[in-house]
Amino acid sequence: MSESTMDRLNALLPEWLETSRLHTGQGKVASYIPELFKASQDDLGIHIMDAEGNHVSAGDCGVPFTMQSISKVFTLILALMDHGEEAVFFNVGKEPTGDDYDSMIKLELVEPGIPFNPLINAGAITVSSLVGGDCKEEKSRRILEFFRKLAHNERLGYNEDVYRSESESGHLNRSLAYFLKHNGVIKDDVEDVLAVYFRHCSIEVTCADLARMALVLAYNGTDPITGEELIPRRYVQIAKTFMTTCGMYNASGEFAIEVGLPAKSGVSGGILTLVPGQFGIGVIGPALNRKGNSLAGVHLLERLSKEFDWSFF
Ligand code: GLN
C-alpha cells in the first residue's frame, strides 16, 4: 500500500507543488522577528518519508529554516518524559483558545491564570521552564540532544542570527513570561526561561529533518527505521491530540476539516505533519496566511490529503 502511494506521490508531487507555489504571493513572510523576513516569499518545499526510509521530496525542500513553534511539540514531550502528566498539566491547560498564539488575554481573564495549552506561546514558555536541567544551558543542551535523536541528525544546531533577532525583539513574549511569573506559573528566572524558549525556536532544520521527527510520531514513539523507542506511546498520544486541536493555531478547526491530520506549524513557514502508521511529512513555505500558517503549504497538504484520503475523520 505504502509503496504504490509512494509511486503516485513521485508522479504527482512536483507538478502539484508548482501549482501550490502559485499561491505564495497571497501570503506574507513573518517580520516581527526581523531575521525571519529574509526568507524567500516564493519558496515551497516538501519531504515525505515512509517507515523504510523511502522518501519523496519536491521544491525547495533543501532550504534550512528554524523550527519556531514546531519545536513546542517536542519540548512538551520532553517535559512530560521528565516530570509526568500531573506536574505538567498542573501548570498548563488542555484546551484551544481561539485567540492568536501570542495573546495574553485569557491569562488575565480566566482563573487560575495558567496558559490554556502548551502550543500557544504562554504555554510553551511555561513548558520550557519545566524541562529538566539545573540551568538554562543544561535545559537547552538536553532539548537539542533530544531533537537530534528524533531527527536522527547529529548536526542539528541553532541559527544564531534568528536566536539573537528574536531575543532582541521578543517584547511580547517577555511580557507573557513576566505575567506568568507574577501568577506563580513560572518559578525560575524569567530571562533564563526565555533564553531556553528562544533557543529551541531557533533550532534549524530542513523538511527531511521534520519528516523524520514526524515519522516517530506516526509510529507512536518508535523510530520505525532504527526500531528504537524514543518516546512513550502515551506522550505521543497527548502530543498528537494537541497538534489536532491547537497545532495550527486558531485555524486548527479548519485544518482538521480540510486536511484531517495532526500537524504543527511555525512562523518560519514550516509545517510538521504525519499520516498515522504511514508517513512523516515536513513542509516549508515562508509566506503565511492571516492565521500565521504557511499559505501554500496548507494548500498543498489539503490537496494531498483529499487525493490520498488521509483524513482520519
Ligand atoms: N518563536 C516564535 C514566537 O515566540 C514562535 C511562534 C510561532 O512559530 N508561531 O513568537
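This chain uses plain numbering: 1 for the first residue, then up along the sequence. Indexing begins at 1, ligand by ligand and atom by atom, following the structure's order.
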Parallel, tilted or perpendicular: ring planes of F147 versus F74, cut at 30 and 60 degrees: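 Judged by the thresholds at 30° and 60°, the geometry between F147 and F74 is perpendicular.
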Nitrogen or oxygen atoms of [X] and ligand 1 under 3.5 Å apart:
X	result
C201	no
S265	no
K72	no

Quiz item: cation-pi between [X] and [Y], 6.0 Å / 45°:
X	Y	result
K264	Y249	yes
K94	F242	no
K106	F116	yes

For [X] versus [Y], what's the shortest heavy-atom pair and its separation?
X	Y	answer
C207	F65	N-CE2, 3.8 Å
L217	L272	CD1-CD2, 4.2 Å
T126	P115	OG1-CG, 3.5 Å

H152 vs D223, side-chain contact (heavy atoms from CB on, under 4.5 Å): CA-CA, chis, key distance, verdict: CA-CA 9 Å; H152 203 74; D223 182 332; 4.2 Å; yes
Ligand 1 contacted by Y249 (non-hydrogen, < 4.0 Å):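 Y249 counts as a contact of ligand 1 under the 4.0 Å cut-off.
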Min heavy-atom dist N173 to ligand 1 below 4.0 Å: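 For ligand 1, residue contact (heavy atoms, under 4.0 Å) with N173 is present.
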Name the closest protein heavy atom to [atom], giving the residue it belongs to and the distance to 0.1 Å.
atom	answer
atom 8 (O) of ligand 1	S69 OG, 2.7 Å
atom 2 (C) of ligand 1	Q68 OE1, 3.2 Å
atom 4 (O) of ligand 1	Y197 OH, 2.6 Å

Considering only heavy atoms of [X], which atoms of ligand 1 have at least one such atom less than 4.0 Å away?
X	value
N121	3 (C), 4 (O), 6 (C), 10 (O)
Y32	2 (C), 3 (C), 6 (C), 10 (O)
G266	8 (O)
E166	1 (N), 2 (C), 3 (C), 4 (O), 10 (O)

